[in-house]
2 protein chains.
Amino acid sequence: MNTTKNIKRTKKVDVPEPTLKRMPTYTMHLKALLQQGVVNISAPAISEELHFDPTQIVKDFAFTGVKGKPKVGYSVVELIHSIEKYLGVDKKNEAFLIGAGKLGQAILSYHALQGFGINIIAAFDVDKSKVDTQYGNIQILHFDKLGELAKRLGVGIGILTVPGSAAQEAAEAMVKSGITAIWNLTPAKLRLSSNIIVQDTAMYSDVAVLLHKLNS
Amino acid sequence: MNTTKNIKRTKKVDVPEPTLKRMPTYTMHLKALLQQGVVNISAPAISEELHFDPTQIVKDFAFTGVKGKPKVGYSVVELIHSIEKYLGVDKKNEAFLIGAGKLGQAILSYHALQGFGINIIAAFDVDKSKVDTQYGNIQILHFDKLGELAKRLGVGIGILTVPGSAAQEAAEAMVKSGITAIWNLTPAKLRLSSNIIVQDTAMYSDVAVLLHKLNS
């Protein structure tokens, strides 16, 4: 099964990552337009707002299969729908959060994730003072329960917010539990089987770059 | 003055960004070692824990000016001190946060920033229901007050957590107020004068990449 998944993914990796990374910017902008009552929009009009090259915008949209009409542009509703389907926002993306410390709590309170269809259904920690408490409406459970619950519920996404020193071990436990996609918000560089999807968001690293440039 | 700053920065930009991005990982790991009572550490020992190439580790440390001793390795205390000084963590890095919505609140509650010497001293928003309230011990002020306060307090760092559609306008106001470094957590691509330091952390974008790979 892992092999099938691997082959599938390899086929699609042709999509340039910069294109993927622009997609959320498009959907957020388009949703704002929709609220303003805008029905159709052209690539140059989007370009003026978002400062992306209009040719690039047309190329990005083409990846999702949507087509504009000459002189009319794109239907805003159709565009949003097409991009979200392309990203997989319409799928059921249930996630566990591992590490309910400050960063974990920040992510738990970061409701925008639901806009991407990511639904955090439980959080895990090893700290006894946190276990069996609630954060917002999310239950914090002991890390020991991760394996059983992930398998039973078929949860595929893990959001990793433990301290960097605990990241590798926690990630390995997640993989053993059947989690195949990890959003890694720790500063650690994970070493996992190549069929596991790891996406790093190194907030710490970005802050370090900013500070160094500022203080140089 | 901007010119001086520019020249200074251009001189130092030779430091590879990947090196800078690894620095927080080092300090966090080293601080954990220090707590465990470790006095000296070698690059291979760090490599085993963090999975960075040991030669790369030695090169990274050399940028900060610290030197290891044959057979002894590096003094853990000296290493931490050297890296933090290199990053500018020892400087007074006062920051304003612009946009006290969900993401802004998440950042406000993300205490790890203080480990980098970033001290958020006030937050700004345009939402009347938020203005003149407190979040934790941070006062939320009206965005109109940003210019006056930034100038009076000489705050140089702005953390941008407004909606993407408001990002460009807010960033321009920040620059007018004398802010020279912007940590941009919005999905917008900012267009600012080249002497302004902009560091993007596109959490949305990373989530989009993760979801697309998972659902492909």
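Each chain gets a letter, A, B and so on, in the order its sequence line appears, and its residues count up from 1.
- Distance OG1/A/T19 to NE2/B/H212: 10.0 Å, rounded to 0.5 Å.
- Here B/Q199 contributes atom CD and A/D206 contributes atom CG; the two are 4.5 Å apart, rounded to the nearest 0.5 Å.
- Counting heavy atoms of neighbouring residues, nucleotides and ligands inside a 6.0 Å radius, atom NZ of A/K21 exceeds 12 of them.
- Looking at A/I159, there are no atoms closer than 4.5 Å to chain B (heavy atoms on both sides), in backbone or side chain.
- Nearest approach of A/S205 to B/P24, heavy atoms of both residues: CA-CG, 4.0 Å.
- Contact annotation: the side chain of A/V207 never approaches that of B/T201 to less than 4.5 Å [non-hydrogen atoms, C-beta and beyond].
- When B/V89, B/T186, B/L210 are compared by the number of non-hydrogen pairs under 4.5 Å with chain A, B/L210 comes out ahead.
- Put simply, CE on B/M203 and CD1 on A/I107 are 3.5 Å apart, with the number rounded to the nearest 0.5 Å.
- A/I118 touches chain B through its side chain: at least one heavy atom from C-beta onward sits under 4.5 Å away, while N, CA, C and O do not.
- By the neighbour-count criterion of 12 heavy atoms within 6.0 Å, atom CD of B/E169 is sparsely surrounded, having that number or fewer from other residues, nucleotides or ligands.
- Looking at A/Q168, only its side chain comes within 4.5 Å of chain B, counting heavy atoms on both sides.
- Here the NZ atom belonging to A/K189 is positioned 7.5 Å from the CZ atom belonging to B/R22, to the nearest 0.5 angstrom.
- For the atom pair A/L214 CG and B/I179 CD1, the distance stands at 11.0 Å (nearest 0.5 Å).
- Counting heavy-atom neighbours within 6.0 Å of B/Q139 CD, excluding the residue itself, gives a total above 12.
- Heavy-atom distances place both the backbone and the side chain of B/L211 under 4.5 Å from chain A.
- Within the 4.5 Å cutoff, the side chain of B/V209 has no heavy atoms near those of the A/I197 side chain.
- Between atom CD1 of residue B/I196 and atom NZ of residue A/K213 there is a gap of 13.0 Å, rounded to the nearest 0.5 Å.
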